[in-house]
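First the structure, in the form of structure tokens, and then the observations on it.
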Amino acid sequence: MVTREKTERQTVLVLDFGGQYKELIARSARGLRVHSVILPGSTPAEEIRALAPIGIILTGGPFSVYSEDAPKADPALFGLGIPILGICYGMQMMCAALGGTVKPCEVSEYGVTEVRTVSPCVLFEGVGSPMRTLMSHTDYVSEVPEGFKVTAVTENCPCAAVACEERKLYGVQFHPEVERTRGGKRIIRNFLYKVCGAKGDYTMDAYIESTVRAIREQVGEGDIVLGLSGGVDSAVAAALIERAVPDRLTCIFVDHGMMRKNEGEEIRAAFGGRSLRLVCVDAADRFLGRLAGVTEPEEKRKIIGEEFVRVFEEESAAYEGCFLAQGTIYPDVIESGAIGGANIKSHHNVGGLPKESRFIGIVEPLRGLFKDEVRELGRKLGLPESIVGRQPFPGPGLAVRCLGEVTREKLDVLREADAVFREEMAKGGVKADQYFAVLTSVRSVGVVGDFRAYGYVVALRAVRTSDFMTCEYVRVPYAFLDRASKRIVDEIEGAGRVVYDITGKPPATIEWE
Ligand code: XMP
């Protein structure tokens, strides 16, 4: 949650020109203990001056600076005396605005590209040259504005970074905010600390304080209902909202019949003892009834999203003027295509919300955060490790791991296979950030004793990731897979064969649907 008022705390502004990494830039600043706020690229210079940021970062964007619809910063921005770092399109737009020239590249650069520094620049201190950077551009700055110098080049691009030290204006053609740019964090740190004079006064405590204030402002005297799924995100959102408006939060745990083995009991045990009101609803019949015959993943997600809201509405009927709270985090928003990107899958809490509902507003205090930040926040709020360290579990539950039509029979097989796999993973001490079983809709022939068997193919998946936006599959030892596979096929009726998923994200996603 961001507020537009000036704060005592130092703030860096991220001006958005449509690039897909704006939240990563804001998050990099937060990780470096500098408060960051994202505002539209067109925000007037006067408004920006009033906010008194210590620095401004201009994001990339998919435009060409000379095209008609290209978004531009207010030209007065460059005369405010505030340090500016332009990234990719942000650098080109700044250079064009100050009298430089931008042209199409002879050779466009996409992917990891080596950048060599050609002139000393404070941004590159401690980074080394050449650097491996992520590039994605078809235009470049062919003439720098007066007072600027080129500070880095690539094999194909004679202008990969620029600086006008006197005016504290800097630009980089590559993306320092992504992990694939080695030393990118150092470049942003240099800008914030060496150019902007950051003191590092932004901490998780400060985030809690400003978010608590924002929640109170948003809901006023209203009540809040929050869907508790048992995953980390909704638990942390509950703890944060509980801190803001302790007596007005009701948490509803909807058992939609697609929870993992023992999950319902675990959630009751973990949350039952807290000061918030916890309502548990057994809604398995109505969810499974609506999903009967449905096989298309997006349709399944939409139905579940809608049914969730209907249950929440019914359970919250006693409260007038009620808000719905959700533990939506930033990757959910990006993947649902809610902010201009492509729709990869509608996370039930983003794309699945029906247009008509009786809630007067949505409270999403984690919407700008990434998973690792959410865990850190949860620890700060005093949640136990058993909750904060939990694996993510998607809101639609096992429905997105039970491929094709969801039936009770398939869910039973899946639930047992998943429990065996998780038990073995815990016993074997295999390191993974998320691991689970998937029940494919494929059945295969086998032989049990002297008889023909025809059971489902179970897929196992274990991944390493920190942000859940990308992942690598875990190289699980064969001996371990062997044990898990034998147990699944021996112990679970209906499971006929076991396979292990060795696909990363991208191109796959973590869940199968
Ligand atoms: P994907 O499958 O998109 O998953 O690579 C990324 C992370 O998000 C979780 N996930 C969801 N979480 N509602 C959620 O709350 C959803 O609809 C949903 N779909 C996926 C997934 O388990 C992984 O951790």
Side-chain angles (χ1 to χ4, degrees), residues 1-16 21-39 48-59 80-87 90 120-128 131 161 163 165 167-172 175-179 181-214 236 240 243 329-330 365-382 388 466-467:
M1 267 189 189
V2 293
T3 42
R4 263 175 118 132
E5 91 263 19
K6 180 174 179 306
T7 60
E8 292 308 308
R9 207 176 309 125
Q10 292 185 322
T11 297
V12 65
L13 288 187
V14 177
L15 291 191
D16 174 18
Y21 299 132
K22 64 174 190 268
E23 283 290 349
L24 274 182
I25 300 171
R27 176 237 181 99
S28 303
R30 289 198 297 271
L32 293 163
R33 304 170 80 92
V34 180
H35 180 232
S36 58
V37 172
I38 301 172
L39 290 181
I48 289 173
R49 188 212 300 271
L51 295 170
I54 59 166
I56 297 169
I57 301 180
L58 313 175
T59 75
L80 291 178
I82 301 171
I84 296 179
L85 170 63
I87 295 177
C121 176
V122 63
L123 288 190
F124 304 133
E125 281 175 12
V127 178
M131 318 170 231
E165 274 142 1
R167 296 172 69 184
K168 298 193 174 178
L169 302 178
Y170 298 84
V172 286
H175 289 275
E177 69 276 27
V178 302
E179 269 178 19
T181 294
R182 296 259 174 87
K185 190 169 166 186
R186 183 67 180 252
I187 291 170
I188 295 177
R189 165 184 275 279
N190 286 342
F191 176 68
L192 295 175
Y193 282 80
K194 295 188 174 172
V195 180
C196 305
K199 294 188 291 216
D201 60 1
Y202 187 63
T203 59
M204 213 27 114
D205 288 326
Y207 181 87
I208 293 173
E209 187 195 305
S210 62
T211 311
V212 159
R213 199 166 354 109
V236 174
L240 193 54
R243 182 164 295 191
I329 66 171
Y330 191 63
L366 312 179
R367 202 174 162 94
L369 299 187
F370 289 78
K371 188 66 104 192
D372 46 348
E373 294 178 302
V374 173
R375 291 194 206 277
E376 195 192 333
L377 177 60
R379 290 189 185 101
K380 269 275 166 206
L381 289 166
V388 175
S466 64
D467 56 13

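In what follows, residues are counted from 1 in the order of the sequence shown. No hydrogens, no waters, no symmetry mates; every other heavy atom, side chains included, goes into these values.
One distance of note links CG of D16 with CD of E23; it measures 9.0 Å at 0.5 Å rounding. How far CZ of R379 is from CD of E376: 8.0 Å, rounded to the nearest 0.5 Å. Atom CD1 of I329 is separated from atom CG of L366 by 8.0 Å, given to the nearest 0.5 angstrom.
Q10 places a side-chain N or O within donor-acceptor distance of the main-chain N or O of G197, the cut-off being under 3.5 Å. A side-chain donor-acceptor contact under 3.5 Å links Y193 to the backbone of L32. Checked by atom type and distance alone, the side chain of R33 never pairs as donor or acceptor with a backbone atom of T203 at under 3.5 Å.
Proximity of S36 to V12: side-chain heavy atoms (C-beta onward) are separated by under 4.5 Å at one or more points. Residues R30 and L369 form a side-chain contact, since some pair of their non-hydrogen atoms from C-beta on lies under 4.5 Å apart. The shortest side-chain heavy-atom distance between F124 and I187 falls under the 4.5 Å cut-off. With contacts defined as side-chain heavy-atom distances shorter than 4.5 Å, the pair V195/L85 does not qualify. Taking 4.5 Å as the limit, every side-chain heavy atom of V236 sits out of range of all side-chain heavy atoms of E373. Residues H175 and I87 are in side-chain contact: their nearest non-hydrogen atoms beyond the backbone lie under 4.5 Å apart. Counting only heavy atoms from C-beta outward, the side chains of T211 and L377 never approach each other to under 4.5 Å.
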(message) What verdict does the side-chain contact (heavy atoms from CB on, under 4.5 Å) test give for L13 and I82, after you've listed the backbone C-alpha separation in whole Å, the side-chain angles of each residue and the deciding distance to 0.1 Å?
(response) CA-CA 11 Å; L13 288 187; I82 301 171; over 6 Å; no

(message) Walk me through whether K380 and D205 qualify under side-chain contact (heavy atoms from CB on, under 4.5 Å).
(response) CA-CA 8 Å; K380 269 275 166 206; D205 288 326; 3.4 Å; yes

(request) Give the intermediate values and the outcome of side-chain contact (heavy atoms from CB on, under 4.5 Å) for residues K168 and V122. (result) CA-CA 10 Å; K168 298 193 174 178; V122 63; over 6 Å; no

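Residues N190 and E125 approach most closely at ND2-O, 3.0 Å, considering heavy atoms. Taking every heavy atom of both residues into account, P365 and Y207 meet most closely at O-OH, 2.9 Å. Of all heavy-atom pairs spanning G90 and L58, the tightest one is O-CD1, 3.5 Å. The minimum heavy-atom distance linking T181 with P176 is given by the pair CG2-CA, 4.0 Å. Closest approach of R243 to I208, counting heavy atoms only: NH1-CG2, 3.9 Å. Nearest heavy-atom pair, V127 versus G183, reported as atom, atom and distance to 0.1 Å: CG2-O, 4.2 Å.
Partner K22 forms a side chain to side chain contact (heavy atoms under 4.5 Å, CB included) with one of I38, I57, L15 and no other, that one being I38.
Between Y202 and H35, the ring planes lie tilted relative to each other; the angle falls in the 30° to 60° range.
For K199, the NZ atom counts as loosely surrounded, since its 6.0 Å shell holds 12 or fewer non-hydrogen atoms of other residues, nucleotides or ligands.
Annotation: salt bridge (charged side-chain N to carboxylate O under 4.0 Å, His left out) contacts of K185 (sequence neighbours excluded): none.
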